[in-house]
Amino acid sequence: MSPTSVEFLIFTALVYGLWRWLPVGDGGRKWILLAASYTFYGSWDLRLLSVLLGITGAQWYLGQRIHDAASQPEKRRWLQLSLAVGLGCLGYFKYAGFFMAGLAKPFAAMGWDNPSPLLSIAIPIGISFYVFQSLTYTVDIYRGRLAPTSSLRNFALFIAFFPHITSGPIARARLLLPQFDAPSEATRSVPALAVFLIARGLIKKIAIADPLAAHFVIPAFHSPDAWSSWFLVVAVFAYSFQIYMDLSGYTDIVRGIARLFGCELQENFQRPYLARTISAFWQRWHISMSSFFREYLFWAVGGSKHGNVFVNLMITFVAIGLWHGAGWNFVVYGFLHGALICIERVQREGRRAQGLSDYADGTGAVLFGWLYTFLFVVFARILFVAPDFGSAWHYVEVMCASTSGASAAGPQGYLTLAAAVVLHLVPVQWEAATARRLFNLPPLLVGGGLAMVVYVLIALAAESRPFVYFQF
């Protein structure tokens with residue numbers, strides 16, 4: 001049941017109707033949301049619902065044990081068990097095949113030629129997201145930043161909340177869980193603003209991301225030998241805007257739906273392609289994920305206070321690469337980003353030692369910083385979209401030496417790419433001003449108009465592609 005399907009639209013409308021029918025503060029609202037969340041998740045693969053239920057029950061119990069432990073060593077042991085449960089499940093379902101592939105030759109030498117049947121199991125959708133959410137709960141209890149909830153229902157709803165379970169944003173327990181624990185009149189959200197976010201997300205996904213994939217990304221990366229170098233270069237830029245519109249569109253949709261139910265989810269993007277350093281890019285791109293790794297991994301291994309900060313940065317960014325997928329291409333992707341961030345840190349420290357600001361402010365320096373950051377991010381994404389490292393390298397070879405003059409995209413494709421660039425460059429203030437003018441219109445007109453836009457977009461999305469981050 002994809003968020004761009006008519007079925008999902010009807011499902012959300014029915015759940016919202018039932019939710020609004022019950023009074024504010026009524027526990028029945030939470031039960032409706034929890035039942036809806038499990039129904040939604042089970043619609044993808046009912047068998048894998050047991051993984052979600054198992055992690056939920058285990059982490060709720062372990063959070064209480066961490067809180068009740070009489071000593072710091074005992075707290076640490078319970079936390080280690082929580083990490084083992086969460087990361088163990090994630091490692092088995094998502095990474096066991098990667099590591100077993102690396103052991104294929106040693107297994108063959110021992111006469112065991114085909115260990116893969118042990119690993120022939122589907123990856124639970126969204127497991128990277130809900131495992132990390134569960135760990136924000138137990139780690140924050142261990143750090144004394146959060147008290148455990150006595151309600152298993154509320155904790156289960158925090159983990160499984162249907163708007164964002166499949167692709168985030170990764171919600172911190174200390175931010176989202178209180179919104180379920182303490183219902184109030186604030187749960188009467190503004191439907192018009194919610195529908196506006198949903199409509200904006202659908203436009204990004206259906207009108208921009210999917211056409212970019214069809215016109216550029218799929219033909220280029222499926223058969224790079226058939227196309228010109230120029231088309232392959234443009235396809236790399238198109239992929240960067242496709243994945244941005246795809247994931248930011250998804251975030252808009254789920255933030256809008258969550259707002260319908262009185263919950264505020266984290267904003268996930270802040271014009272990332274306008275960043276002038278790689279460090280700044282990661283502060284603007286997929287913020288819930290990058291900030292999770294900064295808070296729960298970088299600082300856990302020592303951060304900038306303990307150990308070697310550059311080693312800690314490399315560990316963090318290789319982990320970010322691997323989180324996106326089990327393959328050497330993702331390892332290299334994370335390594336390259338981490339290496340450049342280390343170089344930027346050395347440069348910043350050198351400028352500070354000279355009494356200078358972190359970055360030069362001249363027009364030329366600003367332009368150079370933006371160009372270097374944007375081009376690096378764009379071309380590093382070849383490692384991200386290619387199925388493996390060998391395919392990524394082959395793409396680069398063909399891109400640099402193709403003798404073909406063919407292009408798969410016509411005027412519509414290039415216009416869509418131009419629209420994506422323009423939308424990304426539109427100042428946030430302009431967008432906010434447009435929204436304010438819209439909401440000054442009669443509420444019935446605004447709500448009805450936005451609802452009609454949502455319906456038309458979903459009706460046109462019969463062949464909409466899965467969201468890119470569903471695979472993670």
What closest approach, in Å, do A386 and N329 show between heavy atoms, and which atom pair accounts for it?
O-ND2, 3.1 Å
Can you check whether Q283's main-chain N or O pairs, donor with acceptor, with S290's side chain at less than 3.5 Å?
no
CG (L425) and CG (L274) are apart, to the nearest 0.5 Å, by 6.0 Å
If you measure from OG1 on T166 to CD1 on I125, what distance do you get to the nearest 0.5 Å?
5.5 Å
Exercise: identify the closest heavy-atom pair between C89 and I127:
O-CD1, 4.1 Å
More than 12 heavy atoms from other groups under 6.0 Å of CD on E349:
yes
Whether S223 side chain and A226 backbone form a donor-acceptor pair below 3.5 Å:
no
Whether H424 and Y244 hold their rings parallel, tilted or perpendicular, with breakpoints at 30° and 60°
perpendicular
Are Q179 and F261 close enough that some pair of their side-chain heavy atoms sits under 4.5 Å apart?
no
Got Q266 and L175 here, is their nearest side-chain heavy-atom distance under 4.5 Å?
no
For K204, is there an ion pair with D252 - N to carboxylate O distance below 4.0 angstrom?
yes
Assess the pair Y38 and F162: is the distance between their ring centroids shorter than 6.0 Å?
no
Name each donor-acceptor pair under 3.5 Å that joins a side chain in residues 309-316 to protein atoms two or more places apart or in another chain, with its distance.
unit_1	atom_1	unit_2	atom_2	d
N312	ND2	G303	O	2.8
N312	ND2	H306	O	3.1
N312	ND2	N308	O	3.3
T316	OG1	N312	O	2.8

Distance (rounded to the nearest 0.5 Å) between S291 OG and F293 CZ:
10.5 Å
For R381, which residues count as a salt bridge (Lys or Arg N to Asp or Glu O under 4.0 Å) partner, sequence neighbours excluded?
none
Is there a donor-acceptor contact under 3.5 Å from the side chain of E264 to the main chain of R259?
no
Close side-chain approach of P219 and F231, heavy atoms under 4.5 Å
yes
Atom of F161, atom of A258 and distance for their closest heavy-atom approach
CE2-CB, 3.8 Å
Listed by chain and number, what are the ring pair (Phe, Tyr, Trp, His ring centres under 6.0 Å) partners of Y296, not counting sequence neighbours?
F292
Atom OG in S134, atom CD1 in I159: separation rounded to 0.5 Å?
5.0 Å
Between Y395 and W227, is the ring centre distance below 6.0 Å?
no
Return the orientation label for the Y273 and F281 ring planes: parallel under 30°, perpendicular over 60°, tilted otherwise.
parallel
Taking all atoms of both residues into account, what is the closest heavy-atom pair of M245 and A420, and its distance?
CE-O, 3.5 Å
If you round to the nearest 0.5 Å, how far is CG of L340 from CZ of R345?
15.0 Å
Decide yes or no for F11 and T39: does some side-chain heavy atom of the first lie under 4.5 Å from some side-chain heavy atom of the second?
yes
Main-chain N/O of Q133 paired with T136 side-chain donor or acceptor, under 3.5 Å
yes
Heavy-atom pair of closest approach, residues T416 and A207:
CG2-O, 3.9 Å
Would a 4.5 Å heavy-atom cut-off, applied to side chains only, mark F180 and R29 as touching?
no
Less than 6.0 Å separating the ring centroids of F216 and Y414?
yes
Any side-chain heavy atom of F374 within less than 4.5 Å of one from S240?
no
State whether the number of non-hydrogen atoms from other residues, nucleotides or ligands found under 6.0 Å of F269 atom CZ is greater than 12.
yes
Measure from the side-chain N and O atoms of Y250 to the backbone N and O of S167, and report whether any donor-acceptor pair falls under 3.5 Å.
yes
Nearest heavy-atom neighbours spanning P211 and I206
CD-O, 3.2 Å
Just say parallel, tilted or perpendicular for the rings of H324 and H286, cut-offs at 30° and 60°.
perpendicular
Measure the spacing between CZ of F317 and CD1 of I341 and express it to the nearest 0.5 Å.
3.0 Å
What residues, two or more places apart in sequence or in another chain, satisfy salt bridge (Lys or Arg N to Asp or Glu O under 4.0 Å) together with R145?
E295
Could you list the residues that satisfy side-chain hydrogen bond (donor to acceptor under 3.5 Å, both in side chains) with R284, not counting sequence neighbours?
none
List in chain and number order the residues that pass ring pair (Phe, Tyr, Trp, His ring centres under 6.0 Å) with Y137, two or more places apart in sequence or in another chain; answer none if no residue qualifies.
F155
With a 4.5 Å limit on heavy-atom distance, are the side chains of I320 and F298 in contact?
no
Quick check on side-chain contact (heavy atoms from CB on, under 4.5 Å): which of T251, N268, L265 does H164 satisfy it with?
L265
Are side-chain heavy atoms of F221 and P387 found at a separation under 4.5 Å?
no
Under a 4.0 Å threshold between the charged nitrogen and the carboxylate oxygen, would D140 count as salt-bridged to R172?
no
Pair F389 and F330, ring centroids less than 6.0 Å apart:
no
Under a 3.5 Å distance rule, please check whether R351 uses its side chain to pair with a backbone N or O of S357 as donor and acceptor.
yes
With a 6.0 Å cut-off on ring centres, are F376 and H337 close enough?
yes
Determine whether more than 12 heavy atoms belonging to other residues, nucleotides or ligands lie under 6.0 Å from atom CZ of F368.
no
Flag, side chain of E344 to backbone of I278, donor-acceptor distance under 3.5 Å
yes
